[in-house]
*Asks:* 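Attaching a single structure in structure tokens format; questions to follow.
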Amino acid sequence: MPYVDRQNRICGFLDIEENESSGKFLRRYFILDTQQGSLVWFMDNPQNLPLGAECVGSLKLTYISKVSDATKLRPKAEFCFVINAGMRKFFLQANDQQDLVDWVNALNKATKITVPKLSDGQQNAENLKTLPDVVGLKKQVSYRTEIIGGVPIVTQTQQEGGDAADRAEREAMHRSHSQLPYFLGRPTQEHTVIKSGYCVKQGAVMRNWKRRYFLLEENSMSYFKSDLEKEPLRMIPLKEVNKVQECKQSDIMMRDNLFEVVTTSRTFYIQADSPEEMHSWIKAVSGAIVAQRGPGRSAATMRQARRLSNPCIQRYTSRIGECSSTLLQLCTCLRCVTSCLSLLLPPVRCLD
């Protein structure tokens, strides 16, 4: 889902067909900057790229004439929409239907040209200026605008003609490798997968940020170098997680959509792609912890319960109970003997 970052720009991930009619869509991070009047896309979130990394592609908003749903043009491409920019059409794929609608509306709103309404005096002056043209019946001339090498070129046409027929679309449409389903790149898991997807994580030593594939299961949360790896880089047992929450230091770290997983030994800082995805991860991990421990049971309570559930501790505790009962019985018997002796024996007087 597109979101607004700290610089009031609309950002999010989309798949784009960079080479026209190639049928190959690549995952890119898009930034719609209305102040700069441009739509740019990068290999990843610029926060995760080296300082000064160049964008993969860009498009001036003034070149965009229309943004619309491309379901009929690309029936085999799911959640596809098209950006018409001069003689070029950019086909993009959203993550879902709502993501498609949000991007189309945002792009159309950003490229919409609003003309201020003229006052009565200005309107009369404009009418007087155009009056000679109307009287003389000046011949209308049509023009054609092309974008060659990123430069708009206007040429006069001899006669009006219809739009050229679109080229035939390729039948084979393949998603980019980064969008392959999880089960295609990895064998079937033994445990139930609650949630999976890519996030950006801060390293423990170098404090750098790297994109990792996260996998949340019933008893653990793991992250991999990619969704094709079989062995995780690290597995976090849920029994060691104390809390999961939105990071309060996001302003200091200058990171959007940042949440933290606090464990007994370390705090993991993780950045999601959107606010919705961040809240989804927090809810999923918190729900998995509650399902494992039960409601209202903290990590300390669980450790105490596991300690008391140890068979050795149970035997030791039962033996202590038996010894305590034996001592109690012995003390009771001693009190009885003492009382009997006091009744049978006469009191002894101390001689000075």
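Start at 1 with the first residue, then count along the sequence. Quick caveat, the model's predicted, so the values are computed rather than measured.
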*Asks:* List the steps, then state whether side chain to side chain contact (heavy atoms under 4.5 Å, CB included) holds for K225 with R212.
*Replies:* CA-CA 5 Å; K225 191 173 183 180; R212 296 290 183 246; 4.0 Å; yes

*Asks:* Rounded to the nearest 0.5 Å, how far apart are CZ of F79 and CG of L100?
*Replies:* 8.5 Å

*Asks:* Return the minimal non-hydrogen interatomic distance between P2 and D99, and the atom names on each side.
*Replies:* CD-OD1, 2.8 Å

*Asks:* Can you tell me how far apart CG (N108) and CH2 (W103) are? Round to the nearest 0.5 Å.
*Replies:* 12.5 Å

*Asks:* Using every non-hydrogen atom in the two residues, find where D5 and C11 come nearest and quote the distance to one decimal.
*Replies:* OD2-SG, 3.6 Å

*Asks:* Please confirm whether the backbone N or O of Q292 pairs with a side-chain atom of E218, one donor and one acceptor, at under 3.5 Å?
*Replies:* no

*Asks:* Write down the atom of D15, the atom of F25, and the distance for their closest heavy-atom approach.
*Replies:* O-CD2, 3.7 Å

*Asks:* Roughly how far, to the nearest 0.5 Å, is OG of S38 from CZ of R9?
*Replies:* 9.0 Å

*Asks:* Between the main-chain N or O of N84 and the side-chain N or O of S65, is there a donor-acceptor pair closer than 3.5 Å?
*Replies:* yes

*Asks:* Minimum heavy-atom separation for L258 to I270, with atom names?
*Replies:* CD1-O, 3.3 Å

*Asks:* Which heavy atom of R88 sits nearest a heavy atom of E20, and at what distance?
*Replies:* CD-OE1, 3.1 Å

*Asks:* Roughly how far, to the nearest 0.5 Å, is the CD atom of E246 from the CD atom of E260?
*Replies:* 9.5 Å

*Asks:* Has R234 got a side-chain atom pairing as donor or acceptor with M221's backbone, closer than 3.5 angstrom?
*Replies:* no

*Asks:* Would you please test N45 and W209 for side chain to side chain contact (heavy atoms under 4.5 Å, CB included) and show each step?
*Replies:* CA-CA 11 Å; N45 190 329; W209 296 83; over 6 Å; no

*Asks:* Can you hop from Y29 to V200 via hydrophobic side chains spaced under 4.5 Å?
*Replies:* no

*Asks:* Parallel under 30°, tilted from 30 to 60°, perpendicular over 60°: which one fits the rings of Y198 and Y213?
*Replies:* perpendicular

*Asks:* What distance separates I64 CD1 from F90 CZ, expressed to the nearest 0.5 Å?
*Replies:* 8.5 Å

*Asks:* I'd like to know if the side chain of Q93 reaches the main chain of E78, judged simply by a donor and an acceptor atom lying under 3.5 Å from each other, with no hydrogens or angles considered.
*Replies:* yes

*Asks:* May I ask whether V193 and F224 are part of the same hydrophobic cluster, defined by side-chain heavy atoms of I, L, V, M, F, W, Y residues being less than 4.5 angstrom apart, directly or through others?
*Replies:* yes

*Asks:* Apply the test side chain to side chain contact (heavy atoms under 4.5 Å, CB included) to residues F30 and L92: give CA-CA distance (whole Å), side-chain angles for both, the deciding distance (0.1 Å), then the verdict.
*Replies:* CA-CA 11 Å; F30 282 77; L92 300 98; 3.4 Å; yes

*Asks:* If you look at every heavy atom in S222 and P232, which pair is closest and at what distance?
*Replies:* CB-CB, 4.0 Å

*Asks:* Side-chain heavy atoms nearer than 4.5 Å, only ILVMFWY residues, links allowed to pass through others: does that put I194 and V244 together?
*Replies:* yes

*Asks:* Looking at N19, I'd like to know if its CG atom is crowded, meaning that more than 12 non-hydrogen atoms belonging to other residues, nucleotides or ligands lie closer than 6.0 Å.
*Replies:* no

*Asks:* Does the side chain to side chain donor-acceptor pair (under 3.5 Å) test come out yes or no for D273 and Y3, once each step is laid out?
*Replies:* CA-CA 9 Å; D273 293 340; Y3 70 96; over 6 Å; no

*Asks:* D44: which residues meet the salt bridge (Lys or Arg N to Asp or Glu O under 4.0 Å) condition with it, sequence neighbours left out?
*Replies:* R211

*Asks:* May I ask you to establish whether R255 and Y269 are in a cation-pi arrangement, using a distance under 6.0 Å from NZ or CZ to the six-membered ring centre and at most 45° from the ring axis?
*Replies:* no

*Asks:* Passes side chain to side chain contact (heavy atoms under 4.5 Å, CB included), L61 versus L32? Steps please.
*Replies:* CA-CA 9 Å; L61 297 182; L32 175 59; 3.7 Å; yes

*Asks:* Quick one: do F214 and L233 end up in the same hydrophobic cluster if we chain Ile, Leu, Val, Met, Phe, Trp and Tyr together by side-chain heavy atoms under 4.5 Å apart?
*Replies:* yes

*Asks:* Tell me every residue that passes side-chain hydrogen bond (donor to acceptor under 3.5 Å, both in side chains) with S280, counting only those two or more places apart in sequence or in another chain.
*Replies:* K195

*Asks:* Rounded to the nearest 0.5 Å, how far does CD1 of I83 lie from OH of Y63?
*Replies:* 15.0 Å

*Asks:* When you measure from the side chain of Q271 to the backbone of D256, do you find a donor-acceptor pair of N or O atoms at a distance under 3.5 Å?
*Replies:* yes

*Asks:* Under a 4.5 Å side-chain heavy-atom rule over Ile, Leu, Val, Met, Phe, Trp and Tyr, are I16 and L39 clustered together?
*Replies:* yes

